[in-house]
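A short worksheet on the structure shown next.
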Amino acid sequence: MAYEKILVTGGAGYIGSHAVVELYQAGYQPVIVDNFSNSEESALQGIESIIGTSVPVYRVDCADESALRGVFAAEPNIAGVIHFAAFKAVGESVQKPLAYFKNNVGSLLALLAVMPEFGVENLVFSSSCTVYGIPDALPVTEATPTKPASSPYGRTKQMCEDIMHDVSAAPDNKLRTILLRYFNPIGAHDSAKIGELPLGVPNNLVPFITQTAAGIREKLTINGNDYDTPDGTNIRDYIHVVDLAKSHVVAVQRLLDHKATETVETFNVGTGHGNSVLEVVQTFERVTGQKLNYSIGPRRPGDVPAIYADATKAEQVLGFKTETSLADSLASAWKWQQALADKK
Ligand code: UFG
């Protein structure tokens, strides 16, 4: 039975805002907690314009345990939590490791302290394929061993996963958790009312491509073409953000239906296909008709040569399968970039 209230931390962020829309459209009552450290109020207007109503929003830092407690007190009968709120820039995490541990680990600890006080037992957590490091074999399954993280950001995701395993193993535990290991989310809502809002120079490939096509950046530098891959560029599993958002709806439904078979379940959330950086660039050019100015540069330190998901477990257990092609995902990213330009 839907209509349950779901607390969405980081609900004004890139993935969180799309998940709020999908939750609402599936019949849930999303409640947003966000401190707007890496998101903007305009995301709320975008959500409202898509779903035709406003969603409760608490401007709270999730790592602030007493403020978070106030949200739970103000919102009785929360059925589950989806915890997106986190810093996510790999390079920045090397510069500011403490900020990453404080925010990413701190917000999870605060949630895990407060949830049982209010009898909330269901948690969906945003993890990342970064936990696999440089894998020995492809595609990666959930049983693929994790490797030492290559950045403090990656380490926070591993630590958070470990914390939830330990908490769930305690004798008096009531928490049930689903860890979703995201591959590379791209694109935007088809309405072009919500999407990614990179602050400053984007780190990620697709916003860099769309900003280059829009003339905001002079050219894209491809980070190396001498990898041991068919065209020499890195391979990733690019998943449309709306598909990714939908995986949270099925995960939370599984918890509420008491269908989880373990206290912590882990799923890869990807398409199951790898695409090279050059393929992404060429597909973007083909679907948008934009000629992209790019050149080949040196390798980016810390880049994994190739990684993509084995998406079988999510399909078999959650009944989740991605629906959007790389071409359509890139078209949606371009539509969003143009909508952003129109707003200015
Ligand atoms: N790339 C370029 N030029 C750019 C930007 C990116 O060639 O200007 C390349 C990267 O080198 C990489 C690919 O495009 O080969 C994708 O890079 P992103 O930065 O978009 O994504 P990553 O795969 O590096 O990072 C993503 C998430 C992280 C997560 C990581 C796990 O952004 O949060 O996957 O592998 F930790």
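- Side chains of His240 and Ser332: a donor on one and an acceptor on the other come within 3.5 Å.
- The pair Asp303-Arg236 counts as a salt bridge, with a side-chain nitrogen and a carboxylate oxygen less than 4.0 angstrom apart.
- By the criterion of side-chain heavy atoms lying less than 4.5 angstrom apart, applied directly or through intervening Ile, Leu, Val, Met, Phe, Trp or Tyr residues, Val81 is not grouped with Val250; the two fall into different hydrophobic clusters.
- Summarising the geometry, atom CD1 belonging to Ile307 is positioned 4.5 Å from atom SG belonging to Cys129; distances are rounded to the nearest 0.5 Å.
- Ion pair Arg59/Glu41 flagged as a salt bridge, since at least one NZ, NE, NH1 or NH2 atom sits closer than 4.0 Å to an Asp/Glu carboxylate oxygen.
- The one candidate from Val269, Ile82, Ile15 that meets the side-chain contact (heavy atoms from CB on, under 4.5 Å) condition with Leu180 is Val269.
- In this structure, Thr233 and Ser276 approach most closely via the heavy-atom pair OG1-CB, 3.2 Å.
- In terms of hydrophobic clustering, with Ile, Leu, Val, Met, Phe, Trp and Tyr side chains grouped at heavy-atom distances under 4.5 Å, Leu255 and Leu244 are assigned to a common cluster.
- At distances below 3.5 Å, not a single donor-acceptor pair connects side-chain atoms of Asp237 with backbone N or O atoms of Gly270.
- Side-chain contact of Lys219 with Thr212: a donor-acceptor pair under 3.5 Å is absent, judged by distance alone.
- With salt bridges taken as basic N to acidic carboxylate O contacts below 4.0 Å, none links Arg176 and Glu262.
- Nearest heavy-atom pair across Gly187 and Ala333 is CA-CB, 3.9 Å.
- With Glu4 contributing its side chain and Tyr28 its backbone, the two residues share no donor-acceptor pair below 3.5 Å.
- Around CG of Asp226, the count of heavy atoms belonging to other residues, nucleotides or ligands within 6.0 Å exceeds 12.
- Closest non-hydrogen pair, Thr271 versus Thr322, comes out as CA-OG1, 3.7 Å.
- Cluster annotation: Leu23 and Ile194 are assigned to the same hydrophobic cluster (Ile/Leu/Val/Met/Phe/Trp/Tyr, side-chain heavy-atom contacts under 4.5 Å, transitive).
- At least one donor-acceptor pair under 3.5 Å links the side chain of Asn122 to the backbone N or O of Ala79.
- Qualifying salt bridge (Lys or Arg N to Asp or Glu O under 4.0 Å) partners for Glu218, counting only residues two or more places apart in sequence or in other chains: none.
- Of all heavy-atom pairs spanning Ile235 and Pro230, the tightest one is CD1-CD, 4.0 Å.
- Partners of Thr130 under the side chain to side chain donor-acceptor pair (under 3.5 Å) rule, at least two apart in sequence or in another chain, do not exist in this structure.
- Side-chain atoms of Leu111 and Thr9, non-hydrogen and from C-beta on, do get closer than 4.5 Å to each other.
- Cation-pi geometry between Arg299 and Tyr227 is met: under 6.0 angstrom from the ring centre, within 45 degrees of the axis.
- Residues Trp336 and Phe208 do not share a hydrophobic cluster, clusters being chains of Ile/Leu/Val/Met/Phe/Trp/Tyr side chains in contact below 4.5 Å.
- Using a 4.0 Å cut-off between charged nitrogen and carboxylate oxygen, Glu161 and Lys157 do not count as a salt-bridge pair.
- No donor-acceptor pair closer than 3.5 Å links the side chain of Asn268 to the backbone N or O of Ala309.
- With sequence neighbours excluded, no residue satisfies side chain to side chain donor-acceptor pair (under 3.5 Å) with Thr177.
- If you take CG on Leu112 and CE on Met164, they are separated by 7.0 Å, rounding to the nearest 0.5 Å.
- Side-chain N or O atoms of Ser168 include none that pairs as donor or acceptor with a backbone N or O of His165 at under 3.5 Å.
- Of the possible donor and acceptor atoms, one in the side chain of Ser126 sits under 3.5 Å from a partner among the backbone N and O of His83.
- Not counting sequence neighbours, Asn234 has no partner by the side chain to side chain donor-acceptor pair (under 3.5 Å) test.
- Within the structure, the ring pair (Phe, Tyr, Trp, His ring centres under 6.0 Å) test picks out the following pairs touching residues 170-200 (sequence neighbours left out): Tyr182-His248.
- Judged by distance alone, the side chain of Lys335 and the main-chain N or O of Asp190 form a donor-acceptor pair under 3.5 Å.
- Gln25 places a side-chain heavy atom less than 4.5 Å from the side chain of Ile50.
- Of the inter-residue distances, the one linking Ser127 atom OG with Ile178 atom CD1 reads 13.0 Å to the nearest 0.5 angstrom.
- Between Val140 and Pro135, the shortest heavy-atom contact is CG1-CB, 3.5 Å.
- Looking at residues two or more places apart in sequence or on another chain, you find a salt bridge (Lys or Arg N to Asp or Glu O under 4.0 Å) between Lys147 and Asp136.
- For residues 92-122, the pairs satisfying ring pair (Phe, Tyr, Trp, His ring centres under 6.0 Å) are Phe72-Phe118, Phe87-Tyr100, with sequence neighbours left out.
- No donor-acceptor pair under 3.5 Å is formed between the side chain of Asn204 and the backbone N or O of Val206.
- For the side-chain contact (heavy atoms from CB on, under 4.5 Å) test, residues two or more places apart in sequence or in another chain that qualify with Lys88 are Tyr14, Asn38, Tyr153, Glu196.
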Determine all donor-acceptor pairs shorter than 3.5 Å in which one atom belongs to a side chain in residues 313-320; sequence neighbours excluded.
residue	atom	partner	partner atom	Å
Lys313	NZ	Thr266	O	2.7

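- Distance check, rounded to the nearest 0.5 Å: NZ of Lys5 to CD of Gln29 gives 6.0 Å.
- The salt bridge (Lys or Arg N to Asp or Glu O under 4.0 Å) search around Glu142 returns none, not counting sequence neighbours.
- Listed by first and then second residue, the ring pair (Phe, Tyr, Trp, His ring centres under 6.0 Å) pairs that reach into residues 256-279 come to none, sequence neighbours excluded.
- Partners of Glu121 according to the side chain to side chain donor-acceptor pair (under 3.5 Å) rule, which considers only residues two or more places apart in sequence or in another chain, do not exist here.
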